[in-house]
Amino acid sequence: MKRGYTLQKNEVEAILPYSQETLLSKVEAKLKPKRFEHVKRVADTAVSLAAKYGADTSRAWIAGIVHDYAKQLPDAAFKQVIADQKLDPDLLSYGNGIWHGEVGVYFIEKDLQIHDAAILSAVAKHTVGADEMSDLDQIIFIADFIEPGRDFPGVDEARTAAQTSLKAGVSYELTATMAFLIEQRQPIYPKTLTSYNAWVNR
Ligand code: GDP
Ligand code: FE
Ligand code: FE
């Protein structure tokens, strides 16, 4: 998806305690090169969707850049946070795939000093969704799935759905994710199922 929209550097930096470039280098330092390229594509895709649907483009960019910040942290770091912060012990039955969003926001606040509630919400929900999702939550959820580097059966339908409406995009993605997890005989995280139920025919 072409950006076709110029991000306002001063608007982005009003939300951050440092420059746009500093954010990029902090995130780059924590991710493998392929993952860093992915988050930049997610940020660009999120900016395009935010411009199309009238959402906050600066927060869309920042949330895209940080959404997978915790992807390469060791399991032990997550287990520590789950225990220290008294998070739902059911989380321990899953792994990084579930933790890096919902628990990852803790590392984003601590390491990146980003405390913006709308951005943290979008990151927390980016993997499994939620019953109620703001436009920014929906944009990050969709952008992660359809960024131009994604190539899987159904991705073009997902891109078309995202151009129809945000709720069509979220609904398509949750349905495809549920089908994929079942096909792979993977356990469904309860929130993935409740998100699916909430969005399937919305
Ligand atoms: P990525 O971080 O850019 O690779 O994308 P996501 O954050 O969307 O997904 C991370 C992983 O979580 C993927 O491998 C998904 O298949 C997986 N995942 C999403 N929902 C569930 C779930 O309910 N159960 C399990 N076991 N895995 C899930
Ligand atoms: Fe992710
Ligand atoms: Fe991602």
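The structure presented is a predicted model; accordingly, all values stated were derived computationally and were not measured.
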Practice item. Following the transitive rule for hydrophobic clusters with a side-chain heavy-atom cut-off under 4.5 Å over Ile, Leu, Val, Met, Phe, Trp and Tyr, establish whether I108 and V42 coincide in one cluster. Key: no
Exactly one of I119, I114, L23 clears side chain to side chain contact (heavy atoms under 4.5 Å, CB included) with I15, and that residue is I119
Note to self: Show, in sequence, the C-alpha distance, side-chain angles and deciding distance for T57 and Q8, and conclude whether the side chain to side chain contact (heavy atoms under 4.5 Å, CB included) test is met.
What the structure shows: CA-CA 9 Å; T57 51; Q8 299 298 310; over 6 Å; no
Between R35 and E28 (side chain of the first, backbone of the second, donor and acceptor by atom type, cut-off under 3.5 Å), is there such a pair? no
Q) Honestly, is K30 close enough over F107, meaning NZ or CZ under 6.0 Å from the six-membered ring centre and within 45° of the axis? A) no
Checklist entry - Between K9 and E21, is the closest basic N to carboxylate O distance under 4.0 Å? => result yes
The reported gap from OG1 in T192 to CD1 in I98 (rounded to nearest 0.5 angstrom) is 5.0 Å
dist I65:CD1 -> K26:NZ (nearest 0.5 Å) comes out at 14.5 Å
#### Entry: Polar side chain donor-acceptor pair, Y94 to E102, under 3.5 angstrom
no
Quiz prompt | Hydrophobic cluster membership, V170 vs I139, 4.5 Å side-chain cutoff | solution = yes
Donor-acceptor contact below 3.5 Å, side chain T175 vs main chain S171: yes
Inset, instruction - Verify side chain to side chain contact (heavy atoms under 4.5 Å, CB included) between L91 and Y189, making sure each step is shown before the conclusion. - result: CA-CA 9 Å; L91 279 165; Y189 184 57; 3.2 Å; yes
Next item on the list: Answer yes or no: does atom OH of Y18 have more than 12 heavy-atom neighbours from other residues, nucleotides or ligands under 6.0 Å?
Entry: yes
Rounded to the nearest 0.5 Å, the CG atom of L136 sits from the NZ atom of K125 at a distance of 10.0 Å
Determine whether a donor-acceptor pair (N or O, by modelled atom type, separation under 3.5 Å) exists between the side chain of W199 and the backbone of K167. no
Strictly by modelled atom types, are N197 and T194 linked by a side-chain donor-acceptor pair under 3.5 Å? no
ask   = Are more than 12 heavy atoms from other residues, nucleotides or ligands located less than 6.0 Å from atom CD of Q85?
value = yes
One should read off an interatomic distance between F152 CZ and F180 CZ, to the nearest 0.5 angstrom, of 9.5 Å
Checklist entry - Less than 4.0 Å between a side-chain N and a carboxylate O, is that true for R159 and D156? => result yes
Task: Verdict with supporting geometry, W99 and D75, side chain to side chain contact (heavy atoms under 4.5 Å, CB included) - done: CA-CA 9 Å; W99 298 339; D75 287 358; 3.7 Å; yes
- Any Lys/Arg nitrogen of E37 or K40 sitting under 4.0 Å from an Asp/Glu carboxylate oxygen of the other? yes
For this session: Would you check if the side chain of E13 reaches a backbone N or O of Q20 as a donor-acceptor pair within less than 3.5 Å?
Result: yes
